[in-house]
Amino acid sequence: MKNRLCELLGIEFPVIQGGMAWVATAELAAAVSNGGGLGLIAAGGAPADVVRDQIRKCRELTDKPFGVNVMLMSPFAEEVMNVILEEKPAVVATGAGNPGKYMESLKAAGIKVLPVIASVAMAQRMEKMGADAIIAEGTEAGGHIGEITTMCLIPQIADAVSVPVVAAGGIADARGAVAAFALGADGIQVGTRFICSDECIAHENYKNAVLKAKDRDAVVTGRSTGAPVRALKNKLTKEYQKLEKENAPFEEIEKLGVGGLRRAFEEGDVQMGSLMAGQSAAMVHKIEPCAEIIRSYFVGIDEMLSGIKEKMDV
Ligand code: TUI
């Protein structure tokens, strides 16, 4: 498969791995890139030196293009961007904010910029500023989320911009990929399913929690504080929701979440850890190599399309 997103990024399959803080390490990014997709190292809340080491490690593990996802709410975002300008990974994806002030320098360094956004207005603004493609993330996704579903967001963004659009949020298998392309996307971003890959070094308890998840288990906390986050239901999300219901002070609510990702990822604390994952967790059934996961999104497409034609042939 070679479409305009593949051409832009120099990849074989139009699949980008989501930038999951703590989870998306150099090992995962390299495995995805080696499997023909675009792997991303998630800078998350990590200091710049850690990100530099990760970029160098990823270079040792793959000779394919890869990128870094920069979480713009991080206190280290600016210094991480400086490291990126020195190390020059092929791609920068950004999340949780407006990457406008970094756009010019990134592009001057020959780095492709793919902002993750959750609204039409932001997509248009990003295209005007020079984004090479737009990653449009629906509310089905894990982590920090917007309000609009992938189903409604993708066609609106595909109509509003001319650069390639990557659909994100809720895409767990080939059916989701076909739907995303039908809605106007040029590629897909996959996060949750890559947690359950052989190469992801997250704690096995975290992986097992994703495998066990059912349809209503990926819940949202933080709507009241203005930073909604989707994660698997556990003691932490219940306590969070209780404090929100009681209108507890902002600081008290926020304190609960501090260190939550590390507890989940490193310690495998499935009760008080933040098990960020999307609604697609309920559709992830096994742990397999990244290359297999990527391929699975493009298996059985012809049969699926004939099935659709049959159902629609009224
Ligand atoms: O960024 C994400 N997902 C994330 S970031 C993250 S780390 C975190 N941890 C705890 C609390 C909050 C964050 C975990 N998951 N996805 C991409 C994304 N970006 N979704 C929505 C947005 C977004 C939101 C606002 C993009 C731009 C934006 O612009 C605001 C503005 O107008 O400047």
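Heavy-atom basis, side chains included; hydrogens, waters and symmetry copies ignored.
Checked by atom type and distance alone, the side chain of Tyr297 never pairs as donor or acceptor with a backbone atom of Pro14 at under 3.5 Å. Asp173 places a side-chain N or O within donor-acceptor distance of the main-chain N or O of Gly176, the cut-off being under 3.5 Å. At distances below 3.5 Å, at least one donor-acceptor pair connects side-chain atoms of Ser33 with backbone N or O atoms of Gly39. Judged by distance alone, with hydrogens and angles left aside, the side-chain atoms of Ser280 form no donor-acceptor pair with the main-chain N or O of Met283 at under 3.5 Å. Although no hydrogens or angles enter the test, the distance criterion places no donor-acceptor pair under 3.5 Å between the side chain of Lys212 and the main chain of Ala209. No donor-acceptor pair closer than 3.5 Å links the side chain of Ser197 to the backbone N or O of Pro289. Remark: side-chain polar atoms of Gln54 are not paired, donor with acceptor, to backbone N or O of Ile41 under 3.5 angstrom. A distance-only check finds a donor-acceptor pair linking the side chain of Asn3 to the backbone of Asp186 [under 3.5 Å].
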**Q.** Arg56 vs Glu60, salt bridge (Lys or Arg N to Asp or Glu O under 4.0 Å): CA-CA, chis, key distance, verdict
**A.** CA-CA 7 Å; Arg56 292 186 176 171; Glu60 282 171 20; over 6 Å; no
Q. Does the side chain to side chain contact (heavy atoms under 4.5 Å, CB included) test come out yes or no for Ile293 and Val15, once each step is laid out?
A. CA-CA 10 Å; Ile293 294 176; Val15 177; over 6 Å; no
Q: Let me see the working for Phe194 and Cys290 under side chain to side chain contact (heavy atoms under 4.5 Å, CB included), right down to the final yes or no.
A: CA-CA 7 Å; Phe194 281 122; Cys290 287; 3.9 Å; yes
Q. Could you go step by step and tell me if Lys233 and Lys238 meet the side chain to side chain contact (heavy atoms under 4.5 Å, CB included) rule?
A. CA-CA 7 Å; Lys233 185 160 72 182; Lys238 281 178 197 152; 4.1 Å; yes
Q: Kindly determine whether Arg125 and Ile117 satisfy side chain to side chain contact (heavy atoms under 4.5 Å, CB included), including the steps that lead there.
A: CA-CA 10 Å; Arg125 216 178 304 161; Ile117 51 79; over 6 Å; no
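Residues Ile294 and Val32 approach most closely at CD1-O, 3.5 Å, considering heavy atoms. Summarising the geometry of Leu275 relative to Val270, their closest heavy-atom pair is CD1-O, 3.8 Å, with the distance given to 0.1 Å. The two atoms that bring Leu211 and Cys196 nearest to each other are CD2-SG, 3.9 Å, heavy atoms only. Nearest heavy atoms, Ile301 versus Ala174: CD1-CB, 4.4 Å. The nearest pair of heavy atoms linking Ala167 to Ala185 is CB-CB, 3.8 Å. Here the closest heavy-atom approach between residue Ala123 and residue Ile134 is recorded as O-CD1, 3.7 Å.
Follow the hydrophobic side-chain contacts under 4.5 Å out from Ile201 and you reach Leu261 in the same cluster. No chain of hydrophobic side-chain contacts below 4.5 Å, direct or via other Ile, Leu, Val, Met, Phe, Trp or Tyr residues, connects Phe66 to Leu61. Residues Val229 and Tyr206 fall within the same hydrophobic cluster, defined by Ile, Leu, Val, Met, Phe, Trp and Tyr side chains chained together at heavy-atom separations under 4.5 Å. The cluster map of Ile, Leu, Val, Met, Phe, Trp and Tyr, joined by side-chain heavy atoms under 4.5 Å apart, puts Val178 and Met312 in the same cluster. Ile16 and Leu183 fall into different hydrophobic clusters, where Ile, Leu, Val, Met, Phe, Trp and Tyr are joined by side-chain heavy atoms under 4.5 Å apart, directly or via other members.
Counting heavy atoms from C-beta on, the side chains of Arg262 and Glu267 come closer than 4.5 Å. Using a 4.5 Å heavy-atom threshold, the side chains of Gln189 and Glu137 count as touching. Under the 4.5 Å side-chain criterion, counting only non-hydrogen atoms from C-beta, Val23 is not in contact with Met276. By the 4.5 Å heavy-atom criterion applied to side chains, Met122 and Pro115 are not counted as neighbours. By the 4.5 Å heavy-atom criterion applied to side chains, Asn98 and Met126 are counted as neighbours. Between Met71 and Val80 there is no side-chain heavy-atom pair separated by less than 4.5 Å. Taking the side chain as every heavy atom from C-beta outward, Asp53 and Val50 never approach each other to under 4.5 Å. Two residues are said to be in side-chain contact when any heavy atoms from C-beta on lie closer than 4.5 Å; Met81 and Leu72 meet this criterion.
A salt bridge between Arg223 and Glu244 is absent, with no side-chain N of the basic residue lying under 4.0 Å from a carboxylate O of the acidic one. A salt bridge does not link Glu251 with Lys255: every distance from a Lys NZ or Arg NE/NH1/NH2 to an Asp or Glu carboxylate oxygen is 4.0 Å or more. With respect to Arg230 and Glu140, no salt bridge is recorded, no charged nitrogen being found less than 4.0 Å from a carboxylate O. Ionic pairing of Arg193 and Glu288 is present here: one or more N-O contacts between side-chain nitrogen and carboxylate oxygen are shorter than 4.0 angstrom. Ionic pairing of Glu12 and Lys64 is not present here: no N-O contact between side-chain nitrogen and carboxylate oxygen is shorter than 4.0 angstrom.
Around the CD atom of Gln271, the shell of radius 6.0 Å holds more than 12 heavy atoms that belong to other residues, nucleotides or ligands. The 12-atom threshold is exceeded at CZ of Arg59, counting heavy atoms of other residues, nucleotides or ligands nearer than 6.0 Å.
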Which donor-acceptor pairs under 3.5 Å do side chains of residues 151-165 form with protein atoms, sequence neighbours excluded?
residue, atom, partner, partner atom, Å
Gln156, NE2, Cys152, O, 2.8
Ser162, OG, Glu127, OE2, 3.3

Name every donor-acceptor pair, under 3.5 Å, that has one atom in a side chain of residues 105-114 and the other anywhere in the protein, sequence neighbours excluded.
residue, atom, partner, partner atom, Å
Ser105, OG, Tyr102, O, 3.1
Lys107, NZ, Gly130, O, 2.9
Lys107, NZ, Asp132, OD1, 3.2
Lys107, NZ, Asp132, OD2, 3.4

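Separating the CG atom in Asn205 from the CZ atom in Arg263 is a distance of 14.5 Å, to the nearest 0.5 Å. Here the OG1-CG distance, from Thr221 to Leu256, works out to 9.5 Å after rounding to the nearest 0.5 Å. Considering CD1 of Ile171 and OG1 of Thr150, their distance stands at 6.0 Å, rounded to 0.5 Å. In this structure, CD on Glu199 lies 10.5 Å from CD on Gln17, to the nearest 0.5 angstrom. Separating the NZ atom in Lys101 from the CE atom in Met103 is a distance of 13.5 Å, to the nearest 0.5 Å. Between the CG atom of Asn234 and the OH atom of Tyr240 there is a distance of 12.5 Å, given to the nearest 0.5 Å.
Ring pair Phe13/Phe298 is parallel by interplanar angle, where below 30° counts as parallel and above 60° as perpendicular.
In this structure, Ala179 has no side-chain contact (heavy atoms from CB on, under 4.5 Å) partners at least two apart in sequence or on a different chain.
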